[in-house]
Every structure is written in structure tokens, then in C-alpha cells.
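Worksheet for the structure shown next.
Because the structure is a prediction, the values reported are computed rather than measured. Order of the sequence lines sets the chain letters (A, B, ...), proteins ahead of strands, with each chain counted from 1.
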2 protein chains.
Amino acid sequence: MVPTITDLQPFTECQKKIRAIDDTMDILSGKWKVSILARLCYNPMRYSALLKDINGISGKVLSRELKELEVNELIAREVSPFRPPAVTYRISEYGLTLGALTECLPAWGLQHRERISRAGKAKL
Amino acid sequence: MVPTITDLQPFTECQKKIRAIDDTMDILSGKWKVSILARLCYNPMRYSALLKDINGISGKVLSRELKELEVNELIAREVSPFRPPAVTYRISEYGLTLGALTECLPAWGLQHRERISRAGKAKL
DNA sequence: CTGTATCCAAATAGATACTG
DNA sequence: CAGTATCTATTTGGATACAG
């Protein structure tokens, strides 16, 4: 059911929800963050591997987004002390709490892609 | 458990997931889209109400994001034929299928805000 | 290998004025 | 009221070179 004007719910509840959504989106803001997280959910990756794997990202942007994810403790950065240096990024325990998101985002995307291809209406 | 290098899963599964995530993020890309959708989940709103309610958005950006959401059939636009014109935006049936997302985004944001305030580590 | 610094190009956003 | 057009300011991104 699509809500009507009369379905209006308490303002404060909506406001709290909006703020919480903004909090989440702030942390995930950046074109590639969710994509990086999803990859790291599968397995740890080196900087160079991410750079090669993520189509279209530049080194500058990759290192910035990785740093932001690390500051928020969603991923962990591990440096090997040998030469040449090897840096591995892996999802953190806390990053795994985003699991519900990294499940429902692709779930919706899949059904949307099917819907589009059935309808042939929009470009994807 | 944080995965280790040895937990590597089949490449194709990961790739499919990444693509599906990108599909979803493409449609939700734009600083305010999720916020707009969440509001409309509560009740339909007029253009001017959204403009006043969403802190920091400009008219140009609002109308563009609304148009993109409409093209993807996530919201519906309703024009009253009277003067002065009144345009109401409401969530569509299809937009409601994003419900899982508009639930888990704020859920994570809430617990994150609590975590931050406990730790006092990062700024929110 | 893993970044950072610099420079420049492109995309995005805000303000204002204006139209139907 | 609900936008659009235009201009300008700011942000963002890529490429290259270079450092540790």
C-alpha cells in the first residue's frame, strides 16, 4: 500500500530515522566505499589488487577512501615489514556489522536488473 | 569471524554481487536520494515542503534528484490542475520494495551513533 | 609496492533571476 | 508554487611524477 496524507506518523520518529540514515550515508559516502567493503567481505586484498579490480578508480581516490574506511574502523590495514612493502586491507569485526547492508543492496540490485530487462524501459 | 586469505570464495559470485551493488548505488547515487525516499515513506510531500525539510539542499538539486527518482519509478509525481500549482511526491509501490534498505540503513546508523558516543573517538 | 604532491580538467553545487 | 536558466564558486577526479 502506498501511504496517503492521512498515514502521517509522529514527526520525531521520522526525524530520528532520517538522521540515522544520514549518519550511515555519511560514512559510506564516496563512489566506491560500498564496493570496496563488499570485496573485502569476500577476502582481504592488497592495495594494488583493489586498484586493478575496481574499474575506473584512481590511486589517489582509492587511498583516500581506504583511509576514511580505516578511520571509521570498518577495515583494518596491515603492513608487512619487508621490502617491497605489502599492505593488506581486510574487513574488520565492526565492518562485518554492515553485513545486512551488503546483503540487501545487491539483493535489490539483482531484482531491479531483472525488472529492467523485462520491461526494456530504462537503461542500466 | 574476520575472513582470511584462505576463505576465498568463487570469483564469479563476488563479481555478480559487486555488479548488483553498483546497480543499486547508481540508482541511489546523489547525496539526498535515500533521505528523500525515507521521508516519502512516511508521507507524501510537496516540493516546497521537501525543500524546507531537507537541510542544505538547493532547489536545483532537489528537482533533479526528484526527477531521477521518478524516472526510475521509485516515486510518483502528482500535479494539481489548479492555480497556484501544487505538486505532490509520493513513494510508489516499487519504491516500497526498497523497504529493507530504508530499514537497515537507519538501524546501522543508530547503533553507530551509540558506539561513537560511547567511545568518544570520532566525530559524527 | 604503496602511497603522496601537484597540476589541471571536469563535474557538481549554490545563488539569483526568471517563466508558466 | 514549482520549477528552469544562467553564472560562478567549490569540489572532485585523473594523470603524472616522485618519495619511502
Salt bridge (charged side-chain N to carboxylate O under 4.0 Å, His left out) partners of residues 31-51 of chain B, not counting sequence neighbours, each pair once:
B/K33-B/E68, B/R39-B/D53

What residues form a side-chain contact (heavy atoms from CB on, under 4.5 Å) with [X], not counting sequence neighbours?
X	result
B/A76	B/R90
A/L37	A/L28, A/L69, A/L74, A/I75, A/I91, A/L98
B/I57	B/W32, B/L51, B/I54, B/V61, B/L62

Terminal helix-axis angle for the helix from C/dC1-D/dG20 to C/dG20-D/dC1, with five pairs defining each axis and rounding to 10 degrees:
50°

Distance under 4.0 Å to a non-hydrogen atom of chain A counts as contact; along DNA chain D, which nucleotides mark the start and end?
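Extent of the interface on DNA chain D: D/dG13 to D/dG20.
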
Restricting to side-chain hydrogen bond (donor to acceptor under 3.5 Å, both in side chains), what partner residues turn up for [X], sequence neighbours left out?
X	answer
A/Y47	none
A/R77	A/Y89
B/T97	A/W108

B/K31 NZ to C/dA13 C1', straight-line distance once rounded to whole Å:
9 Å

I'd like a table of atom pairs between the protein and nucleotides 2-5 of chain C - only N or O on both sides, under 3.5 Å - with the distance next to each one.
| residue | atom | partner | partner atom | Å |
| --- | --- | --- | --- | --- |
| C/dT2 | OP1 | A/R46 | NE | 2.7 |
| C/dT2 | OP1 | A/R46 | NH2 | 3.2 |
| C/dT2 | OP1 | A/V87 | N | 3.2 |
| C/dT2 | OP2 | A/S48 | N | 3.1 |
| C/dT2 | OP2 | A/S48 | OG | 2.7 |
| C/dG3 | OP1 | A/R77 | NE | 3.3 |
| C/dG3 | OP1 | A/R77 | NH2 | 2.6 |
| C/dG3 | OP2 | A/Y89 | OH | 2.6 |
| C/dT4 | OP1 | A/K67 | NZ | 2.8 |
| C/dT4 | OP2 | A/S63 | OG | 3.4 |

Using only atom types and a distance under 3.5 Å, with no angle test, would you say the side chain of A/T88 pairs donor to acceptor with the backbone of A/E78?
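Not at all, since once roles are kept as given, no pair shorter than 3.5 Å links the two residues.
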
Going by ring-ring contact (aromatic ring centres under 6.0 Å, His included), name the pairs with one or both residues in residues 48-80 of chain A, residues two or more places apart or in two chains.
none

Any base atoms under 4.0 Å from A/G56, or only sugar-phosphate, or nothing? Heavy atoms, all strands.
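Contact class for A/G56: sugar-phosphate only.
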
Listed once per pair and sorted, the side-chain hydrogen bond (donor to acceptor under 3.5 Å, both in side chains) pairs that draw on residues 55-66 of chain B, sequence neighbours left out:
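For residues 55-66 of chain B: none.
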
